[in-house]
Amino acid sequence: MAPSKVLAGARVVLPTGTVDDGRVIVDGTRIADTAPPQAEVVDVSGHWVVPGFVDVHNHGGGGASFAGGTAEEVLKGVETHRRHGTTTTVASAVTGDLDFLARHAGMLAELAQQGDIAGIHFEGPFISPCRKGAHDAQLLRDPDPAEVRKLVDAAHGHAKMMTLATELPGGLDSVRLLVEHGVIAAVGHTDATYEQTLRAVDAGASVATHLFNAMPPIGHRSPGPVTALLEDERITVELINDGTHLHPAALQLAFHHAGAARVAFITDAMDAAGFGDGRYRLGPLEVEVADGVARLVEGDSIAGSTLTLDRAFKRAVTVDGLPVEDVVAAISANPARLLGLADRTGSLEPGKDADLVVLDDAFDLVGVMRRGAWVIDPRRG
């Protein structure tokens, strides 16, 4: 077990606010309220210490895919994002053949059982062909509850979320089935109206998959799903804060109407995150990444992102002008609560896992700790 540590001298962001010249005590794998004798003191003066980031929507990174890669490749992607501050990762699948998705979910479930990932998010195949984005149109299908159940069962208790176009036949029944099995029903890749979206929320949907993207825009006579999802207190809205998926004004609109307590920053990352430009695959489709922006080779649709959550954090504070405490809520506390993991992670409180990120005064990442062990030691870089 790693030696006990006291991180001292930093600005520490706690659920109650920011403490200047604060300290975080780590005893083994957990945060403690008192320092054991002989604890190692780590001077992080002039830095910020914030909770480890929690990503509920991530398709890969480091050149590796969560959507179709081997277990080794998935672990490579997880490690890539850990080095960018994401200490808790949900692996997201993309539209594919149903039998393949079920087999792949079985492999991901084993990694979840080992604690390497926090669960599985099925994004597709039950989405609208009108708003498919980077999903193979030939593999899309209406959300048949029996097929939804097949994927949930294949995940062996580790299905965390499924994105649906709830206006399609079987959509509302599928939402109800997911809720009954403890799986988050997310509205996304949808062509639903305002009224259809409200019916989905009443049926139990509780997340907006990458709000604004892959859904109709707000209209003054046809307010659409964005308006319904922003105004309903039962909905957590995912936002991709990479400067490509959202105009800063759209981000501000979401924070203003949903409030910081209902926002979850996500990456929606694909293989190229933390890796570089080039040709990749997202499920069965070929993707070209140029200047950090991923687009389908055929059709030019945006195909996920190359974002990492440390970049999303820095942009939120330095470009969007959001309070650090609100960003911490959106990138750590809210997604942890959404996943049912708030008793273990998402905030710096005694008894929780020692998952944390150290940022310098420019909000660049200089340290990452997961369960008490340094992934990146701020003293070494």
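Counting all heavy atoms, side chain and backbone alike, Leu98 lies closest to Pro125 at CD1-CG, 4.2 Å. Scanning all heavy atoms of the two residues, the minimum distance from Leu359 to Leu365 falls at CD2-CA, 3.7 Å. Taking every heavy atom of both residues into account, Ala228 and Leu198 meet most closely at CB-CD2, 3.9 Å. The shortest heavy-atom contact between Ala260 and Ala329 is O-CB, 4.2 Å. Counting all heavy atoms, side chain and backbone alike, Val90 lies closest to Ala118 at CG2-CB, 4.2 Å. Summarising the geometry of Val328 relative to Phe313, their closest heavy-atom pair is CG2-CE1, 3.9 Å, with the distance given to 0.1 Å.
We find that Arg149 and Asp153 are joined by a salt bridge, their nearest charged nitrogen and carboxylate oxygen being less than 4.0 Å apart. Of the charged side-chain nitrogens involved, none lies within less than 4.0 Å of a carboxylate oxygen, so that Arg370 and Asp355 do not count as a salt-bridged pair. Glu123 and Lys132 are not joined by a salt bridge, as no carboxylate oxygen comes within less than 4.0 angstrom of a charged side-chain nitrogen. In this structure, Arg30 pairs ionically with Asp353, as a charged nitrogen and a carboxylate oxygen lie closer than 4.0 Å. Ion pair Lys314/Asp364 flagged as a salt bridge, since at least one NZ, NE, NH1 or NH2 atom sits closer than 4.0 Å to an Asp/Glu carboxylate oxygen. Checked for salt-bridge contact, Arg279 and Glu288 meet the test: a charged N lies under 4.0 Å from a carboxylate O. Ion pairing of Lys150 with Asp99 is present here, as a side-chain N (NZ or NE/NH1/NH2) and a carboxylate O approach within less than 4.0 Å.
For the pairing with Thr267, the side-chain hydrogen bond (donor to acceptor under 3.5 Å, both in side chains) check across Asp55, Asn241, Thr86 returns one residue only, Asp55. Exactly one of Thr88, Leu339, Leu356, Ile31 qualifies for a side-chain contact (heavy atoms from CB on, under 4.5 Å) with Thr345. That residue is Thr88.
Hydrophobic clustering (side-chain heavy atoms under 4.5 Å, transitive across Ile, Leu, Val, Met, Phe, Trp, Tyr) groups Leu7 together with Val19. Hydrophobic clustering of Ile, Leu, Val, Met, Phe, Trp and Tyr side chains at less than 4.5 Å, counting indirect connections, keeps Val74 apart from Met161. Taken together through direct or relayed side-chain contacts under 4.5 Å among Ile, Leu, Val, Met, Phe, Trp and Tyr, Leu108 and Leu178 form part of one hydrophobic cluster. Under the 4.5 Å side-chain heavy-atom criterion for Ile, Leu, Val, Met, Phe, Trp and Tyr, Phe126 and Ile184 are members of distinct hydrophobic clusters.
Using a 4.5 Å cut-off on side-chain heavy atoms (C-beta onward), Val375 and Met369 make no contact. Inter-residue side-chain proximity for Leu341 and Val54 is flagged as unmet; no heavy-atom pair is nearer than 4.5 Å. Side chains of Arg295 and Val287 form no contact here, defined as non-hydrogen atoms less than 4.5 Å apart. Using a 4.5 Å cut-off on side-chain heavy atoms (C-beta onward), Leu229 and Thr197 make contact. Using a 4.5 Å cut-off on side-chain heavy atoms (C-beta onward), Trp48 and Val13 make contact. Between Glu231 and Tyr194, the closest side-chain pair of non-hydrogen atoms falls below 4.5 Å. Contact of the Val207 side chain with the Glu238 side chain is registered, since non-hydrogen atoms from C-beta on lie closer than 4.5 Å. Put simply, the side chain of His210 reaches to within 4.5 Å of the side chain of Ile240, judged on heavy atoms.
No donor-acceptor distance shorter than 3.5 angstrom exists from the side chain of Thr166 to the backbone of Gly171, with no hydrogens or angles considered. A donor-acceptor pair is defined here as one N or O able to donate and one able to accept, closer than 3.5 Å; such a pair exists between the side chain of Arg262 and the backbone of Asp232. Checked by atom type and distance alone, the side chain of His247 pairs as donor or acceptor with a backbone atom of Ala249 at under 3.5 Å. Glu167 places a side-chain N or O within 3.5 Å of a backbone atom of Asp191 that can act as its donor or acceptor partner.
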Inset, instruction - For Arg379 and Asp43, run salt bridge (Lys or Arg N to Asp or Glu O under 4.0 Å): C-alpha distance rounded to whole Å, both residues' side-chain angles, the deciding distance at 0.1 Å, then the answer. - result: CA-CA 9 Å; Arg379 298 164 295 185; Asp43 184 4; over 6 Å; no
Inset, instruction - Kindly indicate, with the supporting measurements, whether the criterion side chain to side chain contact (heavy atoms under 4.5 Å, CB included) is fulfilled by Val94 and His59. - result: CA-CA 8 Å; Val94 297; His59 298 283; 3.4 Å; yes
Inset, instruction - Using the salt bridge (Lys or Arg N to Asp or Glu O under 4.0 Å) rule, take Lys352 and Glu349 through it: C-alpha gap first, then chi angles, then the decisive distance, then the call. - result: CA-CA 6 Å; Lys352 294 191 178 184; Glu349 297 177 272; 2.9 Å; yes
Legend entry - Residue pair Leu239, Phe255: steps toward the side chain to side chain contact (heavy atoms under 4.5 Å, CB included) verdict: CA-CA 10 Å; Leu239 298 176; Phe255 265 88; 4.1 Å; yes
Inset, instruction - Take Asp268 and Asn58 through the side-chain hydrogen bond (donor to acceptor under 3.5 Å, both in side chains) test and state the conclusion after the steps. - result: CA-CA 5 Å; Asp268 194 19; Asn58 186 326; over 6 Å; no
Inset, instruction - Decide yes or no on ring-ring contact (aromatic ring centres under 6.0 Å, His included) for His135 and His189, but give the supporting numbers first. - result: CA-CA 10 Å; His135 291 256; His189 288 276; 4.7 Å; yes
Legend entry - Derivation of the side-chain hydrogen bond (donor to acceptor under 3.5 Å, both in side chains) call for His245 and Asn213: CA-CA 7 Å; His245 282 79; Asn213 296 111; 5.2 Å; no
Legend entry - side chain to side chain contact (heavy atoms under 4.5 Å, CB included) evaluation trace for Arg11 with Val49: CA-CA 6 Å; Arg11 293 179 178 176; Val49 177; over 6 Å; no
Inset, instruction - Show your working on side chain to side chain contact (heavy atoms under 4.5 Å, CB included) between Val317 and Leu322 and close with a plain yes or no. - result: CA-CA 5 Å; Val317 176; Leu322 295 173; 5.7 Å; no
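Interatomic distance, CZ of Phe66 versus CD of Glu73, reported as 11.0 Å (0.5 Å rounding). Rounding to the nearest 0.5 Å gives a distance of 12.5 Å between NE2 of His57 and OG1 of Thr89. Distance CG/Leu140 to SG/Cys130: 10.0 Å, rounded to 0.5 Å. To the nearest 0.5 Å, atom CD1 of residue Ile117 and atom CG of residue Leu111 are 5.5 Å apart. With rounding to the nearest 0.5 Å, the separation of OG1 in Thr87 from CG in Leu309 is 9.5 Å. If you take CD1 on Ile266 and NE2 on His121, they are separated by 8.0 Å, rounding to the nearest 0.5 Å.
Side chains of His156 and Gln113: no donor on one and acceptor on the other come within 3.5 Å. A side-chain donor from one of Thr18 and Glu325 sits under 3.5 Å from a side-chain acceptor of the other. Remark: the Thr308 side chain and the His81 side chain contain no N/O donor-acceptor pair separated by less than 3.5 Å.
Around atom CG of Asp291, no more than 12 heavy atoms belonging to other residues, nucleotides or ligands sit under 6.0 Å away. More than 12 heavy atoms of other shown residues, nucleotides or ligands fall within 6.0 angstrom of atom CD in Gln114.
Ring planes of Phe100 and His104: parallel class, angle under 30° (limits at 30 and 60°).
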